[in-house]
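Model, not experiment: these values are computed from the prediction. Throughout, a chain's letter reflects where its sequence line sits, starting with A, and its residues are numbered from 1.
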Amino acid sequence: MKYYFFGLGTMMAVCVGCYIPSGGNSIEKNKYVAPPAAMMQRPGPMVDGPGPGVMPMLSHPPARSFVSKTTQLRFVEPKAMQIGWRIRDGYAESQITAPGRYNFTQGATYRLKISDVPGREGLTLYPTLQVYPAHPSTDAYLSHNSIPIALTTEDLNQIESNNFVTKVIYLPDPKNQELAIAGVETIVSTRLDPGVDPVAEADRRGTVMVVLRAGNMNLEMPGADLDMTGLDFNGNIRQVVHLDGMQGQTAPPMPIAESGVGLHGVPSPMIMGGSSMPGQPAMYPVAGMGPTPSWGMPITATPIGLPGPPHIPLGGPAGLKSHTVRNLTSVDIGKPVDHLLIDVEHDPGYRLPHPVKHIQYKEKHPNFAPGETTFPNWAVPQQGAPQY
Amino acid sequence: MRTIQCSTTWFTRLVTATGFLITLGCLLPANAQQRYYPLDQTTPPGVYGKWSGYQVPVRPQALQPVKIELPGTGQVTFFSHARSKPLVAAAPAQAAIALGHSYRLQISNIQDYPGVELYPTIELVDVLHPPAGQEDQFPIPVTITEEEIDQALSGRLVTKVVYLEPAAEANPLLLNRKNPTLIVSPQENVIKEADLRGRPMLILRLGSRTPVINENPAFFGNGAPLSPTALPPTALPRMR
């Protein structure tokens, strides 16, 4: 009999064990997983345009309605606070009075100027406001909702105490939502453990939409900000402009940096290098490219016409017959790669229904006797009206 | 002989049990197989409508009436494009919209909500098939409740799917309340839940974003067809 149970258990493990839902990186059995939302918006490679033979889309509505190219920010608290922002040649002050709204173009960082905070005389803040590009998971929310931004008493105390406050506003993933209706949540750096990146933490919980970074640095002191020296990019003197919204002078904000321009999720080609225009790639960051000299290349001439240090003593006859530079640096950078293999993996993977190969169609016709027909509440026929 | 008989019994039981398990194992995935729902409440507005356009032939001349009901009195404005004239009507307001398109609305002068203006959107993903010539008598009812307005004003996004229940499974009794609403958790797929209960017809998204001075004209729509209709005759008191 024991062999019977042993055999039965073995067969059970073989037959049923493979249907136990597995965790980890694999897809649970009987569960479909769609590709990311950004991929779902397009028909796919070799089907989408541009080019001939693409899907005819002219007769169909666009894939995304009300594309949210702007994010509407609602400055909530403290009330009566004045919000301005950086413009090309200075600051436009008091453009919004809290509570107030404004649409900021996505994918850019703005320099705000917050002043006239009630109860804090003389306090002027210059926080940066980073507005993230709309993601397919936030597009519906951003096209229907404004994002509230509030500077609480604790935030202002932290800033005045010389602390750096980062507020990250994000839309939590459905699995992280606690309430029944979708809403934003905020992570403040001062409430996290030291060393925890609030942006990374918010990105782990959902999709980041806005990041506000505030400190107590005064950017309008002489020489405090390189951009406020009164010189333009060509070194010419310019006049600093200040607009006051209380007098009806308005101007749109100027981005001080741009990001996310182009494909979703692909960072802009900003790498380390020299200064450049906002949002533009670094200025000639690679040695040997453009006017940047090659690494190790001397820029002076030798008496024999070769690059090198000047001859010593200066003014004497040319006696140098040999000039040798030996690079004794130990170099091990490997051989050139002849075959490159890149493994990519989506976690979880995709599982879609297999193509239909059998269709059963069955119609069920309800039969109603006179007087048995039901109507929606608003379509109840009037007395004496014909019955359908 | 007895041993052989026992062996035969043991072997027969094992083979029978194994056959049962194999059969059960083969049936498990088939029984547990579920329909695939690639769309949910986080899908960007317009995607469902576009996919519906592929399934249902686009008939630009055939518009579907939609009736917007507010809690109490109010005003409903239908937008088609920023530069086109909107349709303004008192609630319950009715207009005809096109399949697959999304429309921006404005609800204002809402009873018990002085000064509140909200700009929801509606996305038509399917159409009704009423008797010819009686299209205006069968609009898709969209009811916006006080609770939903409160949720939107608190900064949340309300996504509501209006579906048509199958006739064979419809409640045979007249209801004492309008349009029964089922609230699902954010972990669930609201489109899937509506599809399991009937045929999704329309998606309402209600938030707190309002147009400001530098608003993008695309906020009001992309110029989809929009037509006024007449309200259906007022329903009589419930019978039966």
Side-chain angles (χ1 to χ4, degrees), chain A residues 1 3-4 7-8 11-12 15-16 18-19 29-32 34 37 40-41 59-67 69-70 72 101-103 136-137 139-146 148 174-175 177 179-184 252 352-353 364 366 374-383 388, chain B residues 10 13-14 17-18 21-22 25 28-29 32-34 36 38 42-47 49-50 53-54 58 100-102 104 121 123 137 141 151 155-158 167-168 170 172 174-175 178 183 185-187 205-210 212 214-216 218-219 222 224 232-233 235-236 238-239:
Chain A
M1 185 57 68
Y3 295 107
Y4 165 72
L8 182 62
M11 297 308 296
M12 180 179 291
C15 298
V16 183
C18 56
Y19 292 107
K29 293 293 182 184
N30 311 316
K31 181 179 180 181
Y32 294 127
M40 297 286 290
Q41 289 188 345
S59 59
H60 295 284
R64 297 174 68 187
S65 301
F66 312 109
V67 176
K69 296 179 180 177
T70 59
Q72 185 171 101
R101 306 174 183 229
Y102 194 82
N103 287 352
S137 61
D139 192 46
Y141 186 88
L142 290 175
S143 58
H144 292 84
N145 283 81
S146 58
K175 63 180 180 181
Q177 288 182 15
L179 299 176
I181 310 296
V184 297
L352 301 179
K364 190 174 181 180
T374 59
F375 293 87
N377 205 13
W378 46 266
V380 174
Q382 300 182 11
Q383 296 287 354
Y388 300 111
Chain B
W10 173 85
R13 287 178 182 173
L14 180 59
T18 305
L21 289 177
I22 292 176
L28 272 178
Q33 197 84 323
Q34 295 179 350
Y36 175 58
T42 64
T43 304
V47 174
K50 180 181 180 180
Y54 289 131
V58 175
H101 291 273
S102 300
R104 181 75 71 174
T121 64
E123 180 179 1
Q137 308 293 321
Q151 293 280 6
R156 302 192 172 276
L157 174 63
V158 178
L174 287 174
L175 300 175
K178 295 181 179 178
I183 299 177
S185 69
Q187 287 78 24
R205 296 179 177 90
L206 179 63
S208 60
R209 178 166 180 165
T210 57
V212 294
N214 65 334
E215 190 59 67
N216 190 335
F219 177 82
N222 50 18
L236 288 177
R238 299 173 184 85
M239 298 183 301

Open item on the list: Testing the basics here: between B/Tyr36 and A/Pro353, what is the closest heavy-atom pair and its distance to 0.1 Å?
Closed with: CB-CG, 3.1 Å
- [ ] Work out which heavy atom in B/Arg209 is nearest to a heavy atom in A/Leu142; give both atom names and the distance.
- [x] NH1-O, 2.8 Å
Open item on the list: Side chains of A/His144 and B/Arg156, heavy atoms from C-beta outward: is any pair under 4.5 Å?
Closed with: no
Open item on the list: Quick one about A/Arg101 and B/Ser208 (side-chain donor to acceptor, distance below 3.5 Å, no hydrogens or angles considered), yes or no?
Closed with: no
Open item on the list: Minimum heavy-atom separation for B/Pro45 and A/Asp139, please, with both atom names.
Closed with: CD-OD2, 3.8 Å
Open item on the list: Please give me the minimum heavy-atom distance between A/Ala140 and B/Thr43, naming the atom from each residue.
Closed with: CB-O, 4.3 Å
Open item on the list: Quick check on B/Thr210 against chain A: is it the side chain, the backbone, both or neither that has a heavy atom closer than 4.5 Å?
Closed with: both
